[in-house]
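A short worksheet on the structure shown next.
Computed from heavy atoms alone, side chains included, the values below leave out hydrogens, waters and symmetry copies.
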There are 2 protein chains.
Amino acid sequence: MSIREAASERRRRAAAGTPSPLRSERVRTVYAGLLTAILDHRLPPGTRLPEDEIGAAFGASRTIVRAALQALAHERVVVVEPNRGAQVAKPTVEEARQVFEVRSLLEPRAASLAAARATKADITALRRHLKDERDAMAADDRHRAIALSASFHIRIAEIAEHAILEGFIRELTSRSSLVVSLYWHRPDTICERHAHSALVDALAEGAADRAADLMRSHLVDLLSGLDFSRPLPQPRSLAALLGPR
Amino acid sequence: MSIREAASERRRRAAAGTPSPLRSERVRTVYAGLLTAILDHRLPPGTRLPEDEIGAAFGASRTIVRAALQALAHERVVVVEPNRGAQVAKPTVEEARQVFEVRSLLEPRAASLAAARATKADITALRRHLKDERDAMAADDRHRAIALSASFHIRIAEIAEHAILEGFIRELTSRSSLVVSLYWHRPDTICERHAHSALVDALAEGAADRAADLMRSHLVDLLSGLDFSRPLPQPRSLAALLGPR
DNA sequence: GTGTGCACTATTGTATACGATGATTGTGGA
DNA sequence: TCCACAATCATCGTATACAATAGTGCACAC
């Protein structure tokens, strides 16, 4: 078995254990459909998710939909209020800070592990990923750019071959996507692209400590692109909406 | 803000602190019953968990049991194999290492936050907790001692008032309990008791850095009490079992 | 005696029916 | 005009029936 095959085999096994432990294929379909829609910001925070409607959209029964929603709720991507149904989560400012704080505890380690383990094939794949990001941004495909930017972090966690870190980072990047959709307010996303690229360079050289540092500062940078000062992103009552006509 | 909005807001906040986002009270009952049984090591790793049987034990329908099992599966305390049912998780050696590695990334931060935030009442409660641990050990109530030892770490995460850290630490301590039940092999647990006690002292003084260091070394110490060298706790094939008769 | 295949059993997967809950609207009275 | 209360509606919560699946043991042929 070649080195690359061995790596891919390792990766496959790692991936098997990773995502949410969903029993059936149909639940996974609904779960994945909802999750990507949320991460793409097609379903913004606060969107109600009635079981019937989702079931109709996916051609699934409420049993299936409920299982998918429960999984998403466990990852805090949706919140369910008893007897009131589910909706896309609306992270508070405090929650947003905590998400990035925990990311900055976990992801530098993932980066340094990845630096130690990355194969040539991994680096190639990452560079291709960077190119996709650039293309999406050039094409002004904001949804796709956001999704790719998040999955870059997940790719690194995968390369680190650390199932638990990967699982937590998956959850945190999902939640970050919601945070970004509520609080992002920086015009230029150039620095981020540069940060990702520098990180890949460090990984390619196997520079574990540098990779960790780059990841750390990248996360600080992301956090600084958020604007928590705006009054309130969400609750605006109907009165407020209709008043200043 | 209207009364209705305020109520929904309160509900939302209440749900936020809930360990696992379980919709109904009955699901929570089954979930909690199973979890404590597992953490107490009354249900050892590998125990099969048929839905009917659990339902009968708790007087609940399979619908309820399934929801509880799914939640436990998400926390990796049980594993479900499609069409084959659920069983108490049996962490591998690799998983065990990872659990403690991630704990040592997260818990020192929790400890230092707790040092900054702990009130006198918190410290009193922690000292009472320590006493309970001592009593359980003195009474040779191994189950209770193990459970208390784990919940000590959770208490600290609660004091840190960091919902995300707390959630992750909850999951990791649960998984640690399974690891301990499979791999623990140290006769003396005295050092641990001492470690907890020193940690509370640091929290009482508000010594954040020292608390973090103590937590870090405590976790290293716990890891060193595990014996991964024994052949294999679980998978031994039938051939291996029958061969060297 | 050995191997193959079939029926049986135990268990999970899914849909659906029915009851319960909470929001909303409409009506009556003060 | 406003509040209280009742009826309505949408939606969720739960039990249960039935289908599907994996595991088990038996019987039969060779």
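Looking only at distances, no side-chain donor or acceptor of A:His41 sits under 3.5 Å from a matching main-chain atom of A:Leu178.
Taking atom CZ on B:Arg48 and atom P on D:dA22, their separation rounds to 14 Å, with Å as the unit. Look at CD on A:Gln87: it is 14 Å from C1' on D:dT11, rounded to the nearest Å. Protein atom CD1 of B:Ile64 is 11 Å distant from nucleotide atom P of D:dT16, rounded to whole Å.
For A:Glu94, the side chain to side chain donor-acceptor pair (under 3.5 Å) test picks out A:Gln98, with sequence neighbours left out. A:Gln70 meets the side chain to side chain donor-acceptor pair (under 3.5 Å) test with no other residue; sequence neighbours excluded. Here A:Glu51 pairs with A:Arg62, A:Arg66, B:Arg23 under the side chain to side chain donor-acceptor pair (under 3.5 Å) rule; sequence neighbours left out. By the side chain to side chain donor-acceptor pair (under 3.5 Å) test, A:Arg42 is found to be paired with A:Asp40, residues two or more places apart in sequence or in another chain being considered.
Within the 4.0 angstrom heavy-atom criterion, base atoms lie near B:Thr63.
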Between the protein and nucleotides 7-12 of chain C, list every N/O to N/O distance that falls short of 3.5 Å.
{"from": "C:dT12", "atom 1": "OP1", "to": "B:Glu51", "atom 2": "N", "distance (Å)": "3.4"}
{"from": "C:dT12", "atom 1": "OP2", "to": "B:Glu51", "atom 2": "N", "distance (Å)": "3.1"}

Which atom pairs, one a donor and one an acceptor, fall under 3.5 Å between side chains of residues 156-164 of chain B and the rest of the protein, sequence neighbours left out?
{"from": "B:Glu158", "atom 1": "OE1", "to": "B:Arg155", "atom 2": "NH1", "distance (Å)": "2.5"}
{"from": "B:His162", "atom 1": "ND1", "to": "B:Leu165", "atom 2": "N", "distance (Å)": "3.1"}
{"from": "B:His162", "atom 1": "NE2", "to": "A:Glu101", "atom 2": "OE1", "distance (Å)": "3.3"}

